[in-house]
Each structure stands twice: as structure tokens, then as C-alpha cells.
Amino acid sequence: MSTSIPLPFFFSHGVVHARIGHRPIQPSVGLLSAGAPAKVSFRRQSSAHRHAAHVVSSESITPVKEVSSFEPSVWGDFFINYDPKPLQRSEDWMMEKADKLKQDVRILFETHNDTAKKMHLVDAVQRLGIDHLFQDEINNAISDIKESEFTSSSLHEVALHFRLLREHGIWVSPDVFEKFKGEDGRFINTIADEPRALLSLYNAAHLLVHDEPELEEAMSFARHHLESMRDGSRLKAPLDNQINRALHLPLPRTYKRVEMLHYMLEYGQEEECIVVLLDLAKLEFNLLQHVHLKELKAFSQWWKDLYGYVELSHVRDRAVESYLWSYALFYEENLTLTRMILAKIIVFIVLMDDTYDDHATIEECRKLNEAIQRWDESAISLLPEYMKKFYRALLNYFRETEAQVEASDKYRVTCMKKEFQNLSTYYLQEFEWLHQNYKPAFKERVALSTLSSTVPLLCVTAAVGQGDAVTKESFELTTVRSSAVIACAKIMRFMNDIAAFKSGRKNKGDAANTVECYINEHKVTSEVALDKIESMIESEWRTLNQVRCDHQKQFHVVQRVMNLAVAVPFFYDKKKDAYTFSKYHQGNVGNLFVNPVTL
């Protein structure tokens with residue numbers, strides 16, 4: 001087996017020629033050669049034997065012989081047994097009230113002719129988490145905002161204009177901020193005392209693409225003065241909380257549903273507050289929470305049955321966290337099928353990952369990969385006894401998924417299967433490196449571990465189950481190792497590796513990760529290596545921002561890739577791996593799925 005894997009991607013950047021519109025499209029950053037890669041850490045032990053005969057067959061369950069090395073789930077059977085408290089109002093009343101408020105909001109979109117007012121309306125609708133109800137209205141408003149002759153002396157408004165358009169894939173020149181600079185080319189001192197304007201500038205600047213030093217300067221300037229204001233206790237609520245959150249994680253990179261809950265508490269204190277939006281946001285959140293809670297109950301039972309059937313007691317029990325990751329990409333009510341398909345594939349990834357990483361021998365890994373490549377019931381005979389039920393369950397899951405989707409969508413399930421097979425190959429290659437005591441070069445490690453990040457598989461899966469809503473052209477963006485997929489995969493890989501390195505977490509089958517490879521190859525301290533890799537993460541965010549502008553026609557799919565990317569810092573932030581150590585998001589899970597918002 002070859003141990004050398006070529007670096008599969010190269011970057012090329014162009015020059016800005018326009019103020020508003022599409023930035024010149026960059027050459028796609030594709031995979032020029034296939035390689036093999038480091039696993040992402042998408043594990044629980046249960047003392048209860050689980051009956052799950054209906055998952056695949058009626059085979060009997062033997063006693064669990066091994067205890068997982070991972071922390072038990074903090075949730076256990078909570079969502080299976082949870083009986084929600086009665087809501088403040090009946091569901092029928094809330095739906096009727098929400099329908100009336102939706103009509104009121106549509107009228108607002110029709111009557112807000114002033115560009116500034118229209119921008120504030122779009123921003124509020126998006127940040128309050130009700131944008132899925134007004135996609136046509138928002139698209140029309142964004143088109144109007146783009147075409148309007150917008151002039152403003154307010155840095156807050158200019159930055160908001162810039163952010164909204166770039167968020168929707170419309171390139172805007174950073175020259176719009178020149179009016180706030182002096183003759184020396186630096187930002188004027190007067191804006192240093194405007195916290196709201198600086199916050200808007202800071203968030204907008206994080207939508208920069210490659211080769212935009214003006215926005216790098218804006219980001220640095222805004223951060224410096226915001227930190228000074230925060231440290232000097234010069235901020236009032238709710239701006240102080242908004243600034244603290246942004247300095248930790250800028251708005252374009254936040255887990256949208258969690259940020260929405262914060263903003264829902266703050267919006268009523270803003271000057272531009274439109275009460276009808278806030279009322280609708282609260283109703284819609286509670287109505288959707290009811291849907292998500294039912295799904296989480298069914299998904300938790302499905303996982304309990306599967307976990308009991310496959311009897312792989314060495315794996316993480318992270319059903320709720322798997323659903324939470326899928327929910328980051330899709331929270332809309334009409335996307336239940338895709339949300340559940342994605343949550344289930346994450347579970348199967350974890351089953352395979354933890355088996356490769358934390359349990360199987362090299363020979364068992366080779367046999368497992370051989371069976372997965374054959375993808376046939378006859379391959380069961382290749383496997384050791386403890387892997388056979390997992391393999392049957394895996395084949396059954398894909399058969400069930402294919403049966404659930406529309407005829408036009410079935411080929412996408414085939415692509416899903418191929419990516420799962422690829423992922424198995426990548427996992428095996430990593431184990432082969434470890435087994436052979438092979439020390440890959442940093443670039444070689446990145447090439448392999450980018451692919452084993454699971455992102456290529458997740459991106460393909462995220463386009464399954466939506467039928468014609470995802471065009472063939474858009475789907476291809478997820479299957480060709482596009483710049484969007486690779487950038488998201490690198491963010492996942494690097495942030496996961498940083499969290500693992502800082503926490504000291506390492507499993508039996510884990511080879512040296514990218515941080516360790518960089519330290520060993522360049523003979524530098526961990527601080528130097530971490531700084532370098534964090535700068536690489538920033539570069540990938542810029543690539544993703546560029547993709548939004550380059551592929552506006554595929555915005556629907558690109559936005560889901562962006563959602564996957566923003567889920568990464570939510571789960572892998574600083575020293576924590578909040579997927580494996582699920583206690584970190586216990587409060588967020590409660591707020592998202594258990595506690596309704598007060599009306």
C-alpha cells in the first residue's frame with residue numbers, strides 16, 4: 001500500500017473590478033487527486049440491554065461485554081420519556097395567530113420603500129429566525145437593496161448594507177467604507193466611540209474574501225476598540241452582550257438558532273423594534289419546537305433500538321448531539337426527511353469511526369473496509385462476529401433511505417453510499433499509517449484528514465430528500481470536491497484537531513493529527529503551530545465567502561454548506577469537543593428543544 005498522498009488542492013485569487021454585483025469568479029478549488037485522510041470526532045455506554053429486533057432482524061441480543069471509554073450520554077432516555085408541559089396557548093390558537101402575523105409582515109415588506117428601513121426589516125426577520133417564512137419577500141427586498149442608490153453617512157447602515165448583500169451572494173466592494181477614513185487611509189477617530197457602528201463593521205468585515213486587506217484592517221480596528229469599550233465597562237445592555245458574543249464568534253459564524261434565542265430577548269430593546277416580528281418569532285419558535293421535539297423523541301428511540309441491536313458498546317452514545325448537528329443545517333418544518341436522514345448518517349459515521357479508532361485490530365479494519373466496498377449481504381462472512389450486525393444495519397439504513405426519497409432523488413442516495421465507502425477507505429488509510437508507524441508530512445496529513453473529516457459525505461447527504469428543490473447543478477456542487485466542500489472540510493478538520501490537541505484527547509487508533517504533524521515537521525512550539533493552523537482556518541472562511549458570491553444560482557446548497565461550517569465552532573471551540581463531551585451543550589439543547597419561549 002502506498003503511503004504517499006499528494007496534496008489535492010491549490011488556490012488562486014483574482015482582482016476586484018466592481019463595487020456591487022458578482023465578484024469575478026475564481027477558478028474552482030477542486031480535488032486533483034484522491035487520497036486518504038484523520039477522523040473527525042463526531043460516543044455512550046448503557047447498562048441496559050436494548051431490544052431492537054425491528055431495526056434489521058429478530059436476532060437475539062447477547063449481553064454487553066465491554067464498557068465504553070467515553071462518558072455516558074447526559075440525556076439517556078430523557079427525550080424518549082419526556083412529556084411536554086402544556087403550552088401557554090393551544091396549538092390551534094398559535095397557528096391561527098401566526099398566520100395573521102405573517103400577513104402583517106408581508107404588508108411590511110410591501111410598504112417599506114425606504115432602503116434603510118428595508119434593510120433593518122430583512123436583518124430582523126433573519127436574526128429572529130423567521131426568514132424561512134418569507135423567502136420570496138426577502139429575495140425581492142435584497143434585489144431592491146442591491147439596485148437602489150444607497151447613500152448614508154451612518155457606518156452602522158453602510159456596514160449592514162454590505163453584510164446583507166454579501167450574505168446573499170452579492171459582491172460589494174470594501175470601498176464603501178472609504179468615506180469613514182481620513183487622508184492617511186485610516187479610520188477616523190470619531191467612529192471609535194460608536195459601539196453599535198463598530199459592531200456592525202466588525203461583523204460585516206468577517207465576510208471578507210481573499211486579498212481584501214481593507215477588510216482585515218476594518219476587522220482589526222473594530223476589534224481593538226470594541227475590546228477597549230468592553231474592558232472599560234462603557235457598554236449598556238443589550239449591546240454589551242451582543243459585542244461579547246461577536247468578539248467570541250462573529251455573527252456570520254454563529255450557530256443561527258442559538259443566536260436567535262439571544263436576539264429574541266434583545267430585539268425588543270432596539271430602536272427599530274417591530275413588535276409584530278417579535279410576536280411572530282416567539283410563536284413560530286414554539287410551533288417548530290413542538291415538531292422538533294417529536295422528531296427527537298422518534299430519533300432517540302431509533303438510536304436506542306439500533307444501539308441495542310448492533311451491540312457495539314465501545315461507541316459514543318450521542319443521539320441528541322447527532323440530531324443537533326443535523327438541526328444546524330435544517331430546522332425548517334418541511335425538511336424533516338432530510339434532517340432525519342442526515343442525523344442517522346452521522347450516527348453510522350460514529351459507529352464506524354469509533355470502531356476503527358477505539359476498538360478494532362488492523363486486520364478487522366481491513367475486513368470491515370473490504371465488506372463496505374463490496375456492499376452486499378454476502379460480505380457479512382468476511383467480518384468478525386461483533387461487526388456483522390452493524391454491517392446489516394448499515395445496508396438496511398441505505399435501503400430504507402432509498403425507499404423514502406422520490407424517484408428523481410435515488411441517484412443521490414447512490415452518491416451517499418459511495419461517499420460512505422470513501423470515508424471507510426480514508427479511515428483505514430489512517431489506521432494503516434498508525435500501524436506502519438508512518439509519519440506523514442503536514443501537507444500529506446491535511447490532504448487525507450480533510451477527506452476523512454466526514455464533510456464530503458455530510459454535504460452529499462444534506463442534498464438528499466429534497467427532490468427538485470435541489471437542482472442537478474446544485475447537487476453537483478456537493479459531489480465534485482468543490483472549493484466549498486474542501487473549505488468546510490478543512491475548517492472541520494483543523495478545529496477538531498485543535499480541540500483534540502488542547503484537551504489532550506486521543507483514542508487508541510488516532511494517528512498524529514495536523515497540529516502534531518506541523519510541530520514535528522517544522523520543529524516549532526505548539527503556540528506557533530496553533531497560530532499557523534488558525535490562520536489556515538481563516539483562509540478557508542474566506543474561500544467559503546467567495547463561494548457564496550461565485551455560486552449565487554446554487555445559493556440554496558451553498559447556504560447549507562455554510563450552515564455545516566458554522567456548526568463546527570459550535571461543537572469544536574477552543575479546548576472543548578462538545579460532541580463527544582455532551583455536557584457542554586446541555587443548556588442549549590434544553591433551550592432549543594425543551595423550554596418554550598414565553599409569549
Side-chain angles (χ1 to χ4, degrees), residues 7-14 16 26 29 37-38 40 166 174 201-224 226-227 246-254 440-451 453 455 483-503 512-549 561-562 564-577:
L7 182 68
F9 23 78
F10 303 91
F11 294 99
S12 175
H13 312 302
V16 178
Q26 311 300 315
V29 185
V40 72
R166 283 216 176 180
L201 177 63
Y202 184 71
N203 285 324
H206 277 86
L207 290 166
L208 79 171
V209 300
H210 294 283
D211 302 322
E212 289 191 319
E214 314 96 310
L215 294 181
E216 291 181 26
E217 179 196 356
M219 197 185 305
S220 177
F221 174 84
R223 171 175 276 279
H224 170 74
L226 289 172
E227 287 177 339
L247 290 174
H248 176 71
L249 199 64
L251 186 62
R253 301 182 191 176
T254 56
F442 176 71
K443 287 184 178 180
E444 191 176 23
R445 169 81 275 179
V446 171
L448 178 57
S449 60
T450 297
L451 299 179
S453 68
V455 167
S483 54
V485 173
I486 293 301
C488 182
K490 283 187 171 185
I491 291 170
M492 175 86 87
R493 168 49 51 214
F494 290 143
M495 293 199 73
N496 179 259
D497 284 359
I498 288 172
F501 181 82
K502 287 186 174 181
S503 68
N513 68 26
T514 54
V515 179
E516 295 163 326
C517 283
Y518 193 91
I519 291 171
N520 294 336
E521 182 174 326
H522 295 278
K523 310 300 181 188
V524 295
T525 64
S526 60
E527 290 78 10
V528 171
L530 290 169
D531 284 347
K532 178 63 177 178
I533 291 175
E534 285 172 357
S535 72
M536 293 178 178
I537 294 172
E538 286 301 313
S539 178
E540 300 312 322
W541 283 114
R542 297 175 192 194
T543 297
L544 282 178
N545 290 335
Q546 180 70 59
V547 168
R548 260 201 288 223
C549 294
V561 177
M562 292 295 304
L564 177 57
V566 301
V568 176
F570 180 72
F571 282 99
Y572 305 114
D573 182 19
K574 306 302 180 185
K575 293 184 178 182
K576 74 174 187 280
D577 170 357

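Everything numeric here is computed off the predicted structure, so don't read it as measured data.
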All side chain to side chain contact (heavy atoms under 4.5 Å, CB included) counterparts of His522, not counting sequence neighbours
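Counting only residues at least two positions away or on another chain, His522 forms a side chain to side chain contact (heavy atoms under 4.5 Å, CB included) with Tyr518, Val524.
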
List in chain and number order the residues that pass side chain to side chain contact (heavy atoms under 4.5 Å, CB included) with Arg253, two or more places apart in sequence or in another chain; answer none if no residue qualifies.
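Applying side chain to side chain contact (heavy atoms under 4.5 Å, CB included) to Arg253 gives His206, Leu249, Pro250, Glu538, Trp541.
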
Which value, rounded to the nearest 0.5 Å, describes the distance between Leu251 atom CG and Asn203 atom CG?
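Answer rounded to 0.5 Å: 4.5 Å.
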
Which value, rounded to the nearest 0.5 Å, describes the distance between Ile519 atom CD1 and Lys532 atom NZ?
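Reported to 0.5 Å precision, the distance equals 14.5 Å.
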
Return yes if some donor-acceptor pair links the side-chain N/O of [X] with the main-chain N/O of [Y] below 3.5 Å, else return no.
X	Y	value
Asn520	Glu516	yes
Arg445	Ala512	yes
Glu521	Phe442	yes
Arg223	Leu247	yes
Ser220	Glu216	no
Asp577	Ala499	no
Asp497	Asn513	no

Run through Ile533, Val568, Thr450 and flag the one making a side chain to side chain contact (heavy atoms under 4.5 Å, CB included) with Phe494.
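Per the side chain to side chain contact (heavy atoms under 4.5 Å, CB included) rule, the option paired with Phe494 is Ile533, out of Ile533, Val568, Thr450.
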
If you look at every heavy atom in Pro174 and Glu214, which pair is closest and at what distance?
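For Pro174 versus Glu214, the nearest heavy atoms are CG-OE2, 3.6 Å.
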
Looking at Arg166 and Glu212, is there a salt bridge between them, counting it only when a charged N and a carboxylate O are closer than 4.0 Å?
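Result for this pair is yes, salt bridge flagged.
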
For the residue pair His248 / Asp573, report whether a side-chain donor-acceptor contact shorter than 3.5 Å exists.
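Distance-only check passes for Asp573 and His248.
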
Are the side chains of Thr514 and Ser449 in touch, meaning some heavy atoms are under 4.5 Å apart?
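With C-beta onward as the side chain, the pair touches.
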
